[in-house]
Amino acid sequence: MVEEIEVFVTAPPEELRCAICYDLLKDPVITRECAHTFCRVCFRRSIANKSSCPTCRAILIQTDKVHTNLIAAGILDQLLIHCKYGVKQAGNEWIHDETLCKTVVKRSMRKSHESVCSFAPTLCPHSIRGCAFNGPRGSLDQHLQICHFEAIKGYLEQNESIIDQMKSHIDAQGIEIELLKKRLDSLTQIVRTIQYTPHFEENKPNTTSSTSGYTSFDNFGTHNIRKPDKANNRTQSLFQKQHIECVASIHAHEDTVESLVVDEPNNNLFSSSWDHSVIIWDIPTLCESRPRSKGVLNCCGDVRDMLLYENYLYCGCGSGNVQVWDLEKLQSVKIIKRHVDDVLAMSMSDAKLFTGSSDNCIKISDAETLECIRTLRGHNNWVFALTNHNNLLISGSSDHTIKIWDPLSSECTATLIGHSDQVRALTIANRKLFSGSYDSTVKVWDLNNFQCIQTIHLYNEVFGLGTDGNYIFTG
């Protein structure tokens with residue numbers, strides 16, 4: 001490298017050369033035992049193989065306590081050399097060139113001189129704009145007098161200032177666009193959860209397509225699930241005579257609302273969110289200007305699903321935790337790390353808690369102690385939905401399948417294949433299993449033989465399913 005070239009005015013004495021590398025000493029150190037001097041790096045390499053002086057072979061005891069040879073270092077710094085911009089190569093050696101820099105400096109002052117040397121190669125300040133000048137620093141002033149870029153320097157700087165402002169504005173716009181994208185995603189989630197306003201037409205023929213967000217059981221054409229005329233008419237009158245519309249919108253959570261649970265006996269509505277909270281609402285006040293909250297439960301993570309059991313609220317949270325709340329005291333009574341990833345679905349049967357997770361597993365736990373009883377493995381993607389029927393557990397997954405499990409034997413007794421995307425919701429009514437999927441369909445399965453007997457095509461992905469015994473509601 002050019003920076004390492006040193007052309008001495010007078011050849012340095014041989015005593016200043018290292019006995020190991022034979023070059024001029026670099027960072028010289030002196031031994032305690034025999035006072036010989038070497039380059040620090042050379043000395044360390046030598047004693048790594050043998051603890052003796054490379055010059056006199058004396059045994060070195062305190063090899064880790066060598067000191068800098070200050071006298072040798074001082075002499076080295078005082079040696080006179082030519083400026084590196086005043087030398088040229090002649091064959092295999094470097095010599096001083098009288099036509100270049102004539103300055104002679106001490107080795108210790110070399111950097112100070114080189115930083116101001118008029119022979120140092122210098123680029124034009126306008127090189128970033130395209131000027132090709134690359135010459136001695138002393139010629140720079142003369143060059144600037146004829147440089148085209150220097151002549152319009154003021155104009156260029158003004159335009160560059162405007163460009164910088166535009167770049168800053170573009171960066172700010174980029175940040176705003178990202179924020180708007182997040183808001184749009186949030187609004188998209190809200191729109192997807194809004195049910196269509198139902199419309200009825202007289203003498204409308206049965207169809208397997210639905211655009212209204214609900215489907216009558218009558219559309220399935222199976223007489224064993226038809227309700228008595230009186231009850232059926234009363235249900236239809238409710239929808240025909242009352243226009244279904246949004247009567248209240250409550251903004252309380254700070255992030256996505258993931259699930260809702262209704263506690264009818266106590267007039268409570270539980271809303272859970274990714275903001276780590278569950279809010280308990282007094283249902284009769286929801287349409288008032290200021291709905292009344294009975295309490296806020298601060299959970300251990302994103303609350304992805306909830307269920308009520310006796311007087312306890314079970315929350316499936318992020319990071320694989322299940323948190324249990326005593327609703328009388330509004331106190332957290334248990335937090336258990338049940339999965340290695342988010343708990344996405346829960347169900348309860350025979351005092352057993354079933355949890356599905358994005359770790360692809362289903363865990364069965366004792367509802368009171370939360371002790372894990374067994375683990376069901378079979379899905380190869382996230383488990384989004386769980387429901388129970390008699391002694392069976394039914395699960396829906398991102399792997400597009402529905403699995404039927406015997407919880408006692410941990411065996412998967414059947415795998416239902418039919419959906420072409422994530423299975424996000426399951427519900428059971430009148431011995432029929434209904435599955436909702438991202439493929440914009442609801443499939444109806446006969447629980448006697450697990451055969452698909454109907455497919456309902458919708459216009460949007462299905463995130464949730466509900467039933468009142470007469471209708472299936474999709475969200």
Side-chain angles (χ1 to χ4, degrees), residues 185-186 188-193 255-260 272-274 301-307 314-322 337-348 353-365 374-389 392-407 410-428 433-445 450 452 455-466 472-475:
D185 290 341
S186 184
T188 300
Q189 293 293 334
I190 293 173
V191 170
R192 283 177 173 175
T193 59
D255 209 328
T256 301
V257 176
E258 182 77 13
S259 62
L260 298 172
S272 71
S273 169
W274 291 2
D302 303 347
V303 184
R304 309 301 297 272
D305 198 14
M306 299 182 291
L307 65 80
Y314 291 73
C315 297
C317 302
S319 302
N321 293 315
V322 174
K337 176 77 171 179
R338 181 55 67 233
H339 292 269
V340 297
D341 214 332
D342 295 357
V343 178
L344 303 177
M346 296 191 296
S347 68
M348 187 79 71
L353 174 67
F354 301 85
T355 55
S357 168
S358 50
D359 63 9
N360 307 348
C361 295
I362 300 168
K363 300 273 189 177
I364 306 175
S365 308
R374 59 181 58 90
T375 300
L376 307 182
R377 292 184 173 87
H379 287 295
N380 56 29
N381 213 323
W382 296 6
V383 180
F384 270 114
L386 294 173
T387 190
N388 298 88
H389 175 69
L392 299 176
L393 171 69
I394 306 173
S395 60
S397 168
S398 289
D399 62 12
H400 309 176
T401 68
I402 301 165
K403 290 187 179 291
I404 314 298
W405 305 86
D406 181 349
S410 302
E411 293 183 359
C412 175
T413 59
T415 298
L416 312 186
I417 300 175
H419 286 292
S420 59
D421 210 327
Q422 302 176 14
V423 179
R424 294 299 297 263
L426 299 170
T427 191
I428 293 175
L433 170 66
F434 298 82
S435 59
S437 168
Y438 262 23
D439 63 11
S440 302
T441 68
V442 173
K443 289 187 178 291
V444 188
W445 309 82
F450 300 118
C452 180
T455 298
I456 305 167
H457 295 275
L458 304 173
Y459 288 117
N460 293 297
E461 299 93 336
V462 179
F463 285 81
L465 290 174
I472 289 294
F473 299 89
T474 65

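Predicted model only: the values in this text are computed from it and were never measured. Because only heavy atoms are used, hydrogens play no part in the values below, and waters and symmetry mates are left out as well, while side chains stay in.
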Inset, instruction - Decide yes or no for Asp302 and Asp255: does some side-chain heavy atom of the first lie under 4.5 Å from some side-chain heavy atom of the second? - result: no

Legend entry - Non-hydrogen atoms of Val423 and Ser435 that approach each other most closely: CG1-CB, 4.3 Å

Legend entry - Residues Asn380, Thr401; criterion side-chain contact (heavy atoms from CB on, under 4.5 Å); working and verdict: CA-CA 10 Å; Asn380 56 29; Thr401 68; over 6 Å; no

Legend entry - Residue pair Thr375 / Cys361: nearest heavy atoms and the distance that separates them: CG2-CB, 4.2 Å

Legend entry - Lys403/Leu416 under side-chain contact (heavy atoms from CB on, under 4.5 Å): CA gap, chis, key distance, verdict: CA-CA 6 Å; Lys403 290 187 179 291; Leu416 312 186; over 6 Å; no

Inset, instruction - Using modelled atom types only, decide if a donor and an acceptor are shared between the side chain of Asp342 and the backbone of Ser319 within a distance under 3.5 Å. - result: yes

Legend entry - Heavy-atom donor-acceptor pair, Ser437 side chain to Gln422 backbone, under 3.5 Å: yes

Inset, instruction - Any chance you could measure Trp405, atom CH2, to Thr415, atom OG1, to the nearest 0.5 Å? - result: 7.5 Å

Inset, instruction - Can you measure from CZ (Arg304) to CZ (Phe384) and round to the nearest 0.5 angstrom? - result: 7.0 Å

Inset, instruction - Starting at CD1 of Ile362, measure out to CG of Leu386 and round the result to the nearest 0.5 Å. - result: 5.5 Å

Legend entry - Smallest separation among heavy atoms of His419 and Lys443, with atom names: CE1-CG, 3.5 Å

Legend entry - Side chains of Ser347 and Asn388, donor plus acceptor under 3.5 Å: yes

Inset, instruction - Check whether any side-chain N or O of Thr413 sits under 3.5 Å from a backbone N or O of Asp406 as a donor-acceptor pair, and report yes or no. - result: no

Legend entry - Partner of His379 by side-chain hydrogen bond (donor to acceptor under 3.5 Å, both in side chains), out of Asp399, Asn360, Asp359: Asp399

Inset, instruction - Nearest 0.5 Å please: distance from the CH2 atom of Trp445 over to the CD1 atom of Ile428. - result: 13.5 Å

Inset, instruction - List for me each residue that meets ring pair (Phe, Tyr, Trp, His ring centres under 6.0 Å) alongside Phe354, sequence neighbours excluded, and say none if there are none. - result: none

Legend entry - Minimum heavy-atom distance between Cys315 and Met306, given as atom pair plus value: SG-CG, 4.3 Å

Inset, instruction - Report yes if some heavy atom in the side chain of Leu376 is under 4.5 Å from a heavy atom in the side chain of Leu393; otherwise report no. - result: yes

Legend entry - Exam field: side chain Arg374 to backbone Pro407, donor-acceptor pair closer than 3.5 Å: yes

Legend entry - Shortest non-hydrogen separation from Met346 to Gly316 and the atoms involved: CE-N, 3.4 Å

Legend entry - Short side-chain to backbone donor-acceptor contact, Thr427 and Phe434, under 3.5 Å: no

Inset, instruction - Ignoring hydrogens and angles, tell me if any N or O in the side chain of Asp439 forms a donor-acceptor pair with the backbone of Thr441 under 3.5 Å. - result: yes

Inset, instruction - Starting at CG of Leu426, measure out to CD1 of Ile394 and round the result to the nearest 0.5 Å. - result: 7.0 Å

Inset, instruction - Would you check if the side chain of Ser272 reaches a backbone N or O of Glu258 as a donor-acceptor pair within less than 3.5 Å? - result: no

Legend entry - Rounded distance (nearest 0.5 Å) linking atom OG1 of Thr355 with atom CG of Asp305: 10.5 Å

Legend entry - Any donor-acceptor N/O pair, Ser397 side chain to Trp382 backbone, under 3.5 Å: yes

